[in-house]
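Take a look at the structure below.
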Number of protein chains: 2
Amino acid sequence: MDWSIQDIARLAGTTSRTLRHYDNIGLLAPSRVGSNGYRYYDQRALVRLQRILLLRDLGLGLPAIAEVLENETDAARALRGHHGWLRQEQQRLARQIASVETTIAAMEGGEMIMAEDMLDGFDHTQYREEVEQRWGTEAYAKSDAWWRGLSKADKQAWMERQRQLARDWIAAAEGGIAPDGDEAQALAQRHFDWLRGIPGTPGGGSNGPTKEYFVGLGEMYVADPRFAANYGGQAGAEFVRAAMAAYAARNL
Amino acid sequence: MDWSIQDIARLAGTTSRTLRHYDNIGLLAPSRVGSNGYRYYDQRALVRLQRILLLRDLGLGLPAIAEVLENETDAARALRGHHGWLRQEQQRLARQIASVETTIAAMEGGEMIMAEDMLDGFDHTQYREEVEQRWGTEAYAKSDAWWRGLSKADKQAWMERQRQLARDWIAAAEGGIAPDGDEAQALAQRHFDWLRGIPGTPGGGSNGPTKEYFVGLGEMYVADPRFAANYGGQAGAEFVRAAMAAYAARNL
DNA sequence: GGTATAGGTTGACGCAGCGTCAATGTCAAG
DNA sequence: CTTGACATTGACGCTGCGTCAACCTATACC
């Protein structure tokens with residue numbers, strides 16, 4: 001005994017379109033096809049469909065489901081892998097939610113990030129000594145000239161970017177992820193690109209900072225409490241340093 | 001002064017492809033286009049791009065971002081709405097994770113759901129009295145005959161579906177969502193479709209059960225501890241009843 | 001001036017998983 | 001014979017770009 005396409009669709013709680021799709025991609029073929037082209041499905045097909053839908057509800061992709069159904073053995077293994085991915089997603093969402101919340105708070109509290117005047121209170125000369133000491137007076141002079149030469153809009157854009165980057169670093173550090181994982185490495189990449197925009201950094205310019213400079217910067221973030229504060233304190237700065245070091249080791 | 005497309009891409013930490021995309025969909029036009037078709041961007045454009053990327057990192061969709069940037073005012077409101085959606089997503093993920101975990105446990109512990117013999121221990125006659133009392137002896141006889149007439153595969157499929165449904169109900173109840181929300185109502189819909197497959201239910205068959213039957217069933221789940229156990233106990237059953245009642249009020 | 005090289009342009013496909021027409025054939029019932 | 005329900009095969013749409021492909025341009029060095 002077999003059912004029409006609508007019948008099993010109803011029986012399994014899905015739609016005929018879905019069944020045709022599954023047929024097209026080879027995930028579930030009808031047990032019989034009439035001379036008129038009509039699809040008919042029997043019990044075996046129904047059982048398979050049920051399994052498919054079960055796994056789909058758990059969030060597995062159709063290719064993964066197909067694999068599970070063919071091998072028969074490693075269903076649990078596939079689910080464990082999937083479970084890991086789900087948890088990652090959840091963490092990503094948690095961090096995003098935190099970001100949104102702090103952003104909302106910032107917008108309601110202060111003048112909000114989108115506002116025009118956000119340069120107040122920023123004095124880049126406060127880092128003068130450190131920069132001169134570690135990378136020479138010339139490096140500082142260059143970057144100082146660069147900064148003074150920027151228009152107001154430029155400065156705003158640059159700071160906005162810096163602040164967002166710092167926020168993301170903090171969120172990442174608090175999220176408890178690995179400094180050498182993909183997430184953190186993506187942040188390190190952003191950090192690298194951001195530095196690239198500052199002339200006067202050793203090796204700076206289009207090619208980006210040198211390995212030594214990049215790693216040394218990470219050290220400084222930890223060593224200097226003024227920098228550490230930007231990244232959520234000591235723990236945050238250490239996370240940033242670890243991520244930067246890992247990035248440098250791989251890419252520079 | 002303006003930059004080439006690669007320049008701002010680097011400055012903002014994105015790609016030229018993205019910028020072309022934003023131009024195509026009207027989200028961010030270049031400030032100037034050379035006679036050769038090259039795109040050039042100035043500070044204003046850079047600022048706008050930065051805002052776009054900031055909002056994008058928070059998870060907003062491009063149309064939503066466009067809206068925020070035009071209206072200028074309701075950025076916080078848009079973010080609050082987005083925040084709600086993010087939390088929903090997070091809850092959905094949490095429930096999915098819980099489902100995956102219980103499924104893994106079931107597969108490792110018992111013979112797993114995919115196994116063949118899972119009809120043991122199910123005795124549908126245990127509900128005989130209740131059914132006869134509430135909906136008449138004929139209703140029971142019909143559904144009994146239907147069940148006995150099913151093949152082994154049919155019975156398996158039916159039970160698998162029932163069990164998954166119950167699991168999802170439990171997860172939903174524990175997830176703390178509203179019984180009349182979209183999520184729970186989708187489950188009620190599945191429950192309705194599932195009942196549809198059982199002849200002998202009042203109004204059953206292709207059209208599905210009647211409103212009275214559907215609501216009455218929900219009551220029974222709460223009243224009878226044997227049913228309640230299927231849905232994770234008293235609290236779970238009450239959640240199911242509430243969801244079914246809401247569903248019936250709207251759709252039946 | 002020639003040429004190597006980097007960077008620019010406009011299409012257009014691909015991805016995940018179907019929803020949703022569109023145009024048309026089939027089956028059961030009145 | 002007509003009507004209506006259900007079937008078929010395309011094919012576009014959605015999200016946000018990544019990734020070729022095929023073809024100009026700008027810059028720099030010889």
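Numbered from 1 within each chain, the chains take letters A, B, ... in sequence-line order. Here the structure is a predicted model, which means the values were calculated and not measured.
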When you check the phosphate oxygens OP1 and OP2 of dT10(C), does a side-chain N or O of R20(B) lie under 4.0 Å from one of them?
no

How many Å lie between CG on D23(B) and P on dG16(D), as a whole number?
17 Å

Checking side chain to side chain contact (heavy atoms under 4.5 Å, CB included) for the pair R39(A)/R20(A): CA distance, chi angles, key distance, verdict?
CA-CA 9 Å; R39(A) 294 173 176 82; R20(A) 263 178 258 130; 3.3 Å; yes

Below 4.0 angstrom from OP1 or OP2 of dG18(D), is there any side-chain N or O of T18(B)?
yes

Rounded to whole angstroms, how far apart are CD1 on I52(A) and P on dC18(C)?
10 Å

Treat primed atoms plus P, OP1 and OP2 as sugar-phosphate and everything else as base, then score nucleotides 11-17 of chain C 5' to 3': B for base contact with protein heavy atoms under 4.0 Å, S for sugar-phosphate contact only, - for none.
-B----S

Look at all strands and tell whether S16(A) reaches a base, only sugar-phosphate, or nothing, counting heavy atoms closer than 4.0 Å.
nothing

Looking at Q88(A), I'd like to know if its CD atom is crowded, meaning that more than 12 non-hydrogen atoms belonging to other residues, nucleotides or ligands lie closer than 6.0 Å.
no

In whole angstroms, the gap separating C1' of dT10(C) from CG of N24(B) amounts to 9 Å

With heavy-atom distances below 4.5 Å as the criterion, would you say the side chains of L62(A) and Y22(A) are in contact?
yes

Is the shortest side-chain N to carboxylate O distance from R48(B) to E70(B) below 4.0 Å?
yes

In terms of side-chain heavy atoms, does S99(B) have a donor or acceptor partner in R95(B) at a distance below 3.5 Å?
no

Return no unless some side-chain N or O of R39(A) is found under 4.0 Å from OP1 or OP2 of dA7(D).
no

Quick check for you: to the nearest 0.5 Å, what is the distance between L54(A) atom CG and L49(A) atom CG?
11.0 Å

What is the distance, rounded to the nearest whole Å, between atom CH2 of W85(B) and atom P of dT15(D)?
11 Å

Once you round it to whole Å, what is the distance between P of dC6(D) and OH of Y40(A)?
13 Å

Give me the distances for all protein-to-nucleotides 2-7 of chain C N/O pairs that come in under 3.5 Å?
{"residue": "dG7(C)", "atom": "N2", "partner": "Y38(B)", "partner atom": "OH", "Å": "3.1"}

How far apart are the C-alpha atoms of M244(A) and L217(A), what are their side-chain angles, what is the distance that settles it, and do they pass the side chain to side chain contact (heavy atoms under 4.5 Å, CB included) test?
CA-CA 9 Å; M244(A) 287 173 75; L217(A) 207 56; 4.1 Å; yes

With a cut-off of 6.0 Å (strictly less than), are more than 12 heavy atoms of other residues, nucleotides or ligands near CZ of R87(B)?
no

Taking only side-chain nitrogens and oxygens of N36(B), does any of them come within less than 4.0 Å of OP1 or OP2 of dT9(C)?
no

Tell me which donor-acceptor pairs under 3.5 Å the side chains of residues 78-86 of chain B have, and how far apart each pair is, sequence neighbours excluded?
{"residue": "R80(B)", "atom": "NH1", "partner": "E108(A)", "partner atom": "OE2", "Å": "2.3"}
{"residue": "H82(B)", "atom": "NE2", "partner": "L58(B)", "partner atom": "O", "Å": "2.8"}
{"residue": "H83(B)", "atom": "NE2", "partner": "E101(A)", "partner atom": "OE2", "Å": "2.8"}

Just how far, in rounded Å, is P of dC18(C) from CD1 of I25(A)?
8 Å

